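In what follows, a single structure is set out as structure tokens and then discussed.
Whatever order the structure lists ligands and atoms in, that order sets their numbers, starting from 1. Values in this document were obtained by computation on a predicted structure and should not be read as measured data. Sequence positions, counted from 1, serve as the residue numbers for this chain.
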Amino acid sequence: MKSHVKALVVGGGAVGTSIAYHLARAGWEDVVLLERDELTSGSTWHAAGLLPYFNMSYATTHIHDYSIKFYKTLEEETGLNAGFSVVGNLRMAQTKERMDEYRLYATTAETCGVPFEWMTPAEIKERWPLVNTSDLEGAIYHPTDGYINPADVTMAMAKGARQRGVSIERKWQVDGYDWTGSEWRVTLTKMVEKGGNLVPSEEQTTITAEHVVTATGNHAQRTAKLLGIKIPAIPVEHQFIVTEPDPALVEYRKTHGEHPVLRDADAKWYVREERGGWILGPYERNAPARFEYGVPDSFRADLFPLDLERIEEEYMSMIHRIPSSEEVGLKDDFNGPICYTPDGNPLIGPAPGLRNMWLAEGFSFGITAAGGAGHYLAQMMVEGEAEIDMASLDPKRYGSWMTTEYAARKNEEAYEHVYIIHHPDEERPACRPLRTAPVYDRQKALGAQFGQVNGWERPNYYGPLDADENFDHDARSFRRGGWWHYAKEEAEAIRNGVGMIDATAFTKHVVKGPGAAAFIDWFTCNKLPKVGRINLTYALTEAGTTRTEYTVVRLADDEFYLVSAGAWTAYDGDYLRKAAEDKRDEMGWIEIQDVTTQWGVLAVAGPKSRDLLNALVKDADPATVLSNKRFPWLSCRDIELGMCPVRAIRVAYTGELGWELHHPIEMQRYLWDLITTEGETHGLKLVGARAQNWLRQEKSYRAFGHELGRDATPLEADLPRFVDLSKDFHGKAAMEKTGIRSKCVTVLIDGPDDTDPWGREALYLEDGTRVGRLTSGGYSVAFGKSIGMGYVSPEVAKTGQALKVKMLDKLWDATVTEDSPYDPENARIRQDG
Ligand SMILES: Cc1cc2nc3c(=O)[nH]c(=O)nc-3n(C[C@H](O)[C@H](O)[C@H](O)COP(=O)(O)OP(=O)(O)OC[C@H]3O[C@@H](n4cnc5c(N)ncnc54)[C@H](O)[C@@H]3O)c2cc1C
């Protein structure tokens, strides 16, 4: 075995094998793939091999699309037939609501170029008469996907990898990782058979690797322990059963081709043909998590006993859908561990806190995703960045607050939710509430309906405590939900009066020390603010795209307070800390503190916000504390509200006069009571995240994870005013070299009167040419119509450009507005008083 390599990939399942292949294909010469047992001996061998396109995530759709296309090329490259049956995939709907879900998904498919067709029940029946369509509303059909043999496709990728120079070593287990400061020293133990078990022998060796990728499937908890990090990938039991041949199917197949993979999402199952019979794969309730604390030696390529009772409901519904299956007996069953994560998406990208350590863990659709995951991860490792934004799959989307119990219970929920209707306003209930601001109980008592971001409970909107018969807070919709009217009133309150938003979940870091100013100047693209002032700025990736958006407050010459999106605390902190470590020698000592949970944030905004705060502020001259002279727009002041010391920042994400009140978290209840009590005389309204999301679009304020991400530069986000091209900063050259591939715009939409866009809809010209997609959507109270933000080809990114937006499968008129269509001069934010 080699003793020194460029990259060591740990885990010879579909995912690890694909990564090794793609690293070699991307040009890395010295790649070793290591497997503790045999290739495919983890979850890969017993997968059903379905390759479904359907996925509500933009990044994952790209990953699946790559895999499906890539697998079709493997035979030509390797001579191995991976058994790809391109039978298509029919996803049926029993309800109109389910059809709405498919229509929303279809917009993502369209923006990613994934082919699909709509089918009526009659069309289904005509083509596949064995299917009972009596209670169907319709279906979406993907003609280009199907199923593959998981072991064969892995072996084909392994052969392709070997042909490209990858060494594959079996029966070696990684037992230790040691970072030398420049590379990983990895301890390996030879595994041997003993009494049917696979156990470590006395034989050990080490291998040094510049980069390590872990793709250890069900062993992720052991990997986490070896690395000293947290990885929320824990498997859940997943079963499928195989029936005896169905005579009706056998007869049908004499004159017809194979059925597509059938999915009855409302019945929670997939079905496909298998040697004249059927495979039924249910996603049932109460499937338990397994191996929370590691996989026992005794579990190799093993299965759990079938639990037929648990899947009885799904079994019966298969018989309902395919009546001929009623008479056929069971031939085989599989109940294996399928790895999950709390949100059901894999963890792909740099490991938290570690250098040159990459994770590819937690794959629940790992056969479908392996090809694309290998391709995009190899891009990240070899070129520095993937061509799509991988942030939604980044391992650091969970912070150090995450525990084994949380991961296990959430993963069970993610499994059970595979076939629920994925509403865009979906909120999942497991493990909640967990992270709460001190005022959580007060908010709840006042009718707050919470959403969850990075574990934090954050009010989405406030509604009546007892939902009346017209409105159930838990009801979800693809159209304007019952919450819409409450969000509208909240948005109007901020435009016309005063509102308060809980922004405690914001990520907050302090950067200080002799090297801090030089570091922030290099790390972010805007000019550094003067002491007491703030700036909006961006940290870029190697590729010049947006890694993080920061509000930077300069507290002192050598001290900065960085505020970024609440969902991304570990993701932002990791990048910041690693960059600062790299620059310490050159720039001087730089200290980074994550103070997210030490500071609460209440944002008070609206034309009457100054009157409200003036009544509370303590000062020798309270009437002038918040005046433009003493407290100009885009500045920060330490003020006192009653007995609470407040770091007040004059910005408002809503685009109205307002202040963010950053305060010691332990004084939050006091401050809340103070403001809400005084607020009664000023008409204060409590406002949630949904109204805020609408309001910021009227101001064209880009949001991280929507308009801002690793697939667009700040110049493509059309933010040149926040980019100081006269200075040198990280990612600048790459940003300039990239040019403008597409451009961010705001659109006002003459849409239907019961629906707004959700921020994933395709954009067209009048003549039907697709020119872009939305990344945000909502309703504008200022303009009385739907609003959205998104990216279009540069040539159509001009004010007044007529476009069409596809919503619920119909095209609606839209017009590109000037940037910040509401109050473009910022007169309201700068208002004096
Ligand atoms: C019943 C069932 C049906 C499924 N059907 C489908 C389907 O139709 N379509 C689909 O896309 N997915 C399906 N899946 C999921 C799919 O099986 C997994 O997502 C996929 O196999 C994961 O691949 P992997 O490479 O990440 O993990 P694995 O295949 O588990 O591979 C991980 C490998 O890492 C090795 N390893 C672990 N630790 C070490 C170490 N320290 N040193 C060396 N080696 C190590 C293990 O031995 C193992 O071989 C199904 C799963 C189940 C249970």
Residue and atom name of the nearest protein heavy atom (relative to [atom]), distance in Å to one decimal:
atom: atom 11 (O) of ligand 1; value: Thr368 OG1, 2.7 Å
atom: atom 27 (O) of ligand 1; value: Gly217 CA, 3.6 Å
atom: atom 8 (O) of ligand 1; value: Leu50 N, 2.8 Å
atom: atom 41 (N) of ligand 1; value: Val174 O, 3.3 Å
atom: atom 31 (O) of ligand 1; value: Gly13 CA, 3.4 Å
atom: atom 49 (O) of ligand 1; value: Glu35 OE1, 2.7 Å
atom: atom 36 (N) of ligand 1; value: Arg36 CD, 3.7 Å

Test of understanding: given a 4.0 Å heavy-atom threshold, classify the contact between [X] and ligand 1 as side chain, backbone, both, or neither.
X: Tyr147; value: neither
X: Arg222; value: side chain
X: Pro337; value: backbone
X: Val10; value: side chain
X: Ser364; value: backbone

May I ask you to check whether [Y] and [X] place their ring centres under 6.0 Å from each other?
X: Tyr415; Y: His238; value: yes
X: His142; Y: Tyr53; value: yes
X: Trp128; Y: His256; value: no
X: Trp278; Y: His259; value: yes
X: Phe304; Y: Phe299; value: yes
X: Phe54; Y: Tyr105; value: yes
X: Tyr66; Y: His62; value: no

Taking only heavy atoms of [X], which atoms of ligand 1 are found under 4.0 Å from at least one of them?
X: Ile338; answer: 14 (N), 15 (C), 50 (C), 51 (C), 53 (C)
X: Ile367; answer: 10 (C), 11 (O), 12 (N), 21 (O)
X: Ala48; answer: 3 (C), 4 (C), 5 (N), 6 (C), 7 (C), 8 (O)
X: Gly11; answer: 33 (C), 34 (O), 35 (C)
X: His46; answer: 1 (C), 2 (C), 3 (C), 52 (C), 53 (C)
X: Ser41; answer: 49 (O)
X: Phe240; answer: 1 (C), 3 (C)
X: Ser43; answer: 17 (O), 21 (O), 28 (P), 29 (O), 30 (O)

Out of [options], whose heavy atom is nearest to [atom]?
atom: atom 52 (C) of ligand 1; options: His238, Glu38, Lys171; result: His238
atom: atom 22 (C) of ligand 1; options: Ala373, Gly366, Ala215; result: Gly366
atom: atom 21 (O) of ligand 1; options: Thr44, Val15, Val9; result: Thr44

Distance-only, no hydrogens or angles: does the Glu361 side chain make a donor-acceptor pair with backbone N or O of Thr216 under 3.5 Å?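 Yes.
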
So is Phe334 in contact with ligand 1, going by heavy-atom distances below 4.0 Å?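 Not so, Phe334 does not reach ligand 1.
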
Could a heavy atom of Cys339 be found less than 4.0 Å from some atom of ligand 1?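 No; Cys339 lies far enough from ligand 1 that no heavy-atom distance drops under 4.0 Å.
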
If every non-hydrogen atom of [X] is compared with every non-hydrogen atom of [Y], which pair is closest and at what distance?
X: Glu416; Y: Arg285; answer: OE2-CG, 3.1 Å
X: Tyr340; Y: Val418; answer: OH-CG2, 3.1 Å
X: Ala47; Y: Ile367; answer: CB-CG1, 3.6 Å
X: Ala161; Y: Tyr21; answer: N-CD1, 3.6 Å
X: Thr73; Y: Phe70; answer: OG1-O, 2.6 Å

Can an N or O of [X] be found at a distance shorter than 3.5 Å from an N or O of ligand 1?
X: Phe363; answer: yes
X: Ala47; answer: no
X: Ala360; answer: no

Determine whether the side chains of Trp269 and Ser317 contain a donor N or O and an acceptor N or O closer than 3.5 Å.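 Looking only at side-chain atoms, Ser317 and Trp269 do form a donor-acceptor pair, the distance falling under 3.5 Å.
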
Do the charged groups of Glu237 and Arg290 touch, with an N to O distance under 4.0 Å?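 Looking at Arg290 together with Glu237, the answer is yes, because their closest N to O distance falls below 4.0 Å.
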
Would the number of heavy atoms belonging to other residues, nucleotides or ligands and lying under 6.0 Å from NZ of Lys194 be above 12?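 Incorrect, the count does not exceed 12.
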
